[in-house]
Amino acid sequence: MTTALEVVDYLVLGGGTAGCVVASRLSEDPGVSVALVEAGPSDADEPRAHAIRRWPEMLEGEYDLDYRSVPQERGNSLIRQARLRILGGCSTANTMITWRPLRGDLREWVELGADGWDYETVNPYFDRILAQVTPIPPQDRNPYLQDVIDAAAAALGVPVRESWNDTEFRTGAGYFEIGYDPADNHRSSASYAYVRRGAERRDNLHLVLGSLVERLVIEDGRAVGAVVRDSGHRVRELRARREVVVSCGAIDSPALLMRSGIGPRKVLEAAGIDVVVDLPGVGENLQDHAEGLVIWEATGERSTVRATGWDAGYVAVVDDGDLPDVSTHIPLETWGVNAERHGAVLPRNNVSLVPNVAKPRSRGRVWITSPDPEAPPSIDYRYFTDPEGHDERMLVAGARLARRVALQEPFASHLVKEVFPGPDVRSDEELSAVLRATHQTVYHVSCTCKMGADDDPTAVLDPRLRVRGVDGLRVVDASVFPTITALNPVGMVLTVAERAADLIRGTG
Ligand SMILES: Cc1cc2nc3c(=O)[nH]c(=O)nc-3n(C[C@H](O)[C@H](O)[C@H](O)COP(=O)(O)OP(=O)(O)OC[C@H]3O[C@@H](n4cnc5c(N)ncnc54)[C@H](O)[C@@H]3O)c2cc1C
């Protein structure tokens, strides 16, 4: 149903990955009304959103907010952070590599004060996910990827995995599990799985599309609604009888809180916004996965068979923890723009490995400088700034692992020579400098409205995802993570949203 009511029981702001789950689950109860407010359009008539292998065509176009950062002290200052303004949000343009929550990530969350987010409690929520998550079947398996998987397993001594989500692991190599239907390559986004396949026909779910939330309405310490502006610049107020849920993603959720007067006093005052709650953690604690790049000139031609083109990889432990330290994707086409900008001349026939820092310790921030809801927030990732140098060490370690894999058959036979960073770049210092200057984001920005313990002044949310200092207001999306997941986060975003629906309904 697409007409909007002015007053509903639950207002869900942001119809992205998490927002679609929450609105769909809450509207299962015909006795409540839910409005899902999304700045972008429906994905229903966008063919590039349906075929998951067309995901690159969704980037840097009309749906992509394409956020830039402030200059980076130690990382790449030219990162383009894709954020999708369309129903389903980033799940409508991503590669949907989906992992069951890792026990080690949740252990860390509980240690940081997220009571109730232990593995035993959270893990069953992954099994509720409606997105079709599947190991890649034979018809979509590219034989070149199989060669790299086999080489990685042999070179690094990790097992080849046929599937991942049915077991607990620290290491492995294999095709990933992906949210799609292999029969027709249809993306299983949150929009498709949760809203368009059923929930949108419910009378009690109101889709309010093309509507930007300017700010929350807070009265007497309680969130009671939101001011929204549609594409015709008509501004109106929507109100919630029960709760307001913010699901605008790890960049725009803190920005919306700040525009509404919830955030660090200094930031709000500098932006000319009246302080409603001085909450210093809003926008802080930003984490992202930075990925390095190693490129080789390749021999011969390779098959173009694919599910998404980013279908496989390996995860490895460098130190001795219970989580992977390095996660490496094996792309079918090299994303070479950062290397070329650095002066690399790439042969037409090339292949690459992209190792990312799985558990980064650096913390960045996002903040606003104006009350204008269309003004892009400022982002400072502060990549590779952790005092112990852990992130830099893992970036270098990831590139060294990639070089080891390249020496191993059957991958070695695909390669002529390394062309980037190049065989002359040998010392840790040299490797670090080149990799840091040219790294890419894996688009996993998170943790900017983290949940945490009562005595943590930087925790924006309590462990039931309620915003501290305001009644009737929760945040549900990748921003609530206390720390970033070691692997691709969308499985955890969906899991968190499933659990959030129970917390909101009072059944979890
Ligand atoms: C290119 C790309 C590839 C990726 N690949 C993978 C992958 O393979 N596996 C994986 O695990 N993760 C992947 N990710 C990351 C993953 O998709 C995200 O972490 C996840 O989807 C974030 O979900 P979210 O609900 O936090 O935010 P989003 O999905 O971004 O949803 C936020 C929504 O809020 C809306 N919104 C924002 N502000 C407002 C406002 N003021 N008013 C109204 N609406 C608003 C947005 O339009 C958007 O729809 C990828 C991301 C990208 C961009």
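Numbering of ligands and ligand atoms starts at 1, following listing order.
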Less than 3.5 Å between some nitrogen or oxygen of [X] and one of ligand 1, yes or no?
{"X": "Gly491", "answer": "no"}
{"X": "Trp55", "answer": "no"}
{"X": "Ala93", "answer": "no"}
{"X": "Val213", "answer": "yes"}
{"X": "Ala82", "answer": "no"}
{"X": "Thr95", "answer": "yes"}
{"X": "Thr17", "answer": "yes"}

Would you say [X] touches ligand 1, if touching means a heavy atom closer than 4.0 Å?
{"X": "Ser479", "result": "no"}
{"X": "Pro373", "result": "no"}
{"X": "Ile86", "result": "yes"}
{"X": "Leu256", "result": "no"}
{"X": "Val493", "result": "yes"}
{"X": "Gly19", "result": "no"}
{"X": "Arg259", "result": "yes"}

Under 4.0 Å from a heavy atom of [X]: give me the atoms of ligand 1 that qualify, with their elements.
{"X": "Gly249", "value": "26 (O), 27 (O), 32 (C)"}
{"X": "Asn488", "value": "9 (N), 10 (C), 11 (O)"}
{"X": "Leu84", "value": "46 (C), 47 (O), 48 (C), 49 (O)"}
{"X": "Met96", "value": "7 (C), 8 (O)"}
{"X": "Gly89", "value": "29 (O), 48 (C), 49 (O)"}
{"X": "Ala478", "value": "26 (O)"}
{"X": "Arg85", "value": "47 (O)"}
{"X": "His444", "value": "12 (N), 13 (C), 14 (N), 15 (C)"}

Please assess Ile368 against Ile273 for the test side-chain contact (heavy atoms from CB on, under 4.5 Å), listing each intermediate value before the final yes or no.
-> CA-CA 10 Å; Ile368 60 168; Ile273 291 163; 3.4 Å; yes
Starting from [atom], find the nearest protein heavy-atom neighbour and note its residue, name and distance.
{"atom": "atom 1 (C) of ligand 1", "result": "Tyr443 CD1, 3.7 Å"}
{"atom": "atom 47 (O) of ligand 1", "result": "Glu38 OE2, 2.7 Å"}
{"atom": "atom 30 (O) of ligand 1", "result": "Cys90 SG, 3.3 Å"}
{"atom": "atom 12 (N) of ligand 1", "result": "Pro489 CD, 3.5 Å"}
{"atom": "atom 11 (O) of ligand 1", "result": "Val490 N, 2.5 Å"}
{"atom": "atom 16 (C) of ligand 1", "result": "Asn94 ND2, 3.9 Å"}
{"atom": "atom 39 (C) of ligand 1", "result": "Cys248 SG, 3.5 Å"}
{"atom": "atom 31 (O) of ligand 1", "result": "Gly16 CA, 3.2 Å"}

Greater than 12 external heavy atoms within 6.0 Å of [X]'s [atom1]:
{"X": "Asp127", "atom1": "CG", "answer": "yes"}
{"X": "Arg215", "atom1": "CZ", "answer": "no"}
{"X": "Asp184", "atom1": "CG", "answer": "yes"}

Can you tell if the side chain of [X] reaches within under 4.5 Å of the side chain of [Y], non-hydrogen atoms only?
{"X": "Tyr314", "Y": "Ile149", "result": "no"}
{"X": "Ile178", "Y": "Ile136", "result": "yes"}
{"X": "Asp380", "Y": "Trp367", "result": "yes"}
{"X": "Ile86", "Y": "Met58", "result": "yes"}
{"X": "Trp55", "Y": "Asn94", "result": "no"}
{"X": "Arg474", "Y": "Arg464", "result": "yes"}
{"X": "Leu13", "Y": "Leu216", "result": "yes"}

Under 4.0 Å between heavy atoms, the region of Asp252 that gets near ligand 1 turns out to be side chain
Quick look: Ala190 vs ligand 1, heavy-atom contacts under 4.0 Å, and the answer is neither
Who pairs with Trp117 by ring-ring contact (aromatic ring centres under 6.0 Å, His included), at least two apart in sequence or on another chain?
-> none
All side-chain hydrogen bond (donor to acceptor under 3.5 Å, both in side chains) counterparts of Ser42, not counting sequence neighbours | none
Can you check side-chain contact (heavy atoms from CB on, under 4.5 Å) on Glu374 and Leu212, steps first, answer last?
-> CA-CA 9 Å; Glu374 287 286 12; Leu212 184 74; 3.7 Å; yes
One thing to verify: whether [Y] and [X] come together as a salt bridge, which I'm taking to mean a side-chain N less than 4.0 angstrom from a carboxylate O.
{"X": "Asp9", "Y": "Arg241", "answer": "yes"}
{"X": "Arg196", "Y": "Asp43", "answer": "yes"}
{"X": "Asp252", "Y": "Arg83", "answer": "no"}

If every non-hydrogen atom of His329 is compared with every non-hydrogen atom of Val442, which pair is closest and at what distance?
-> CE1-CG1, 3.8 Å
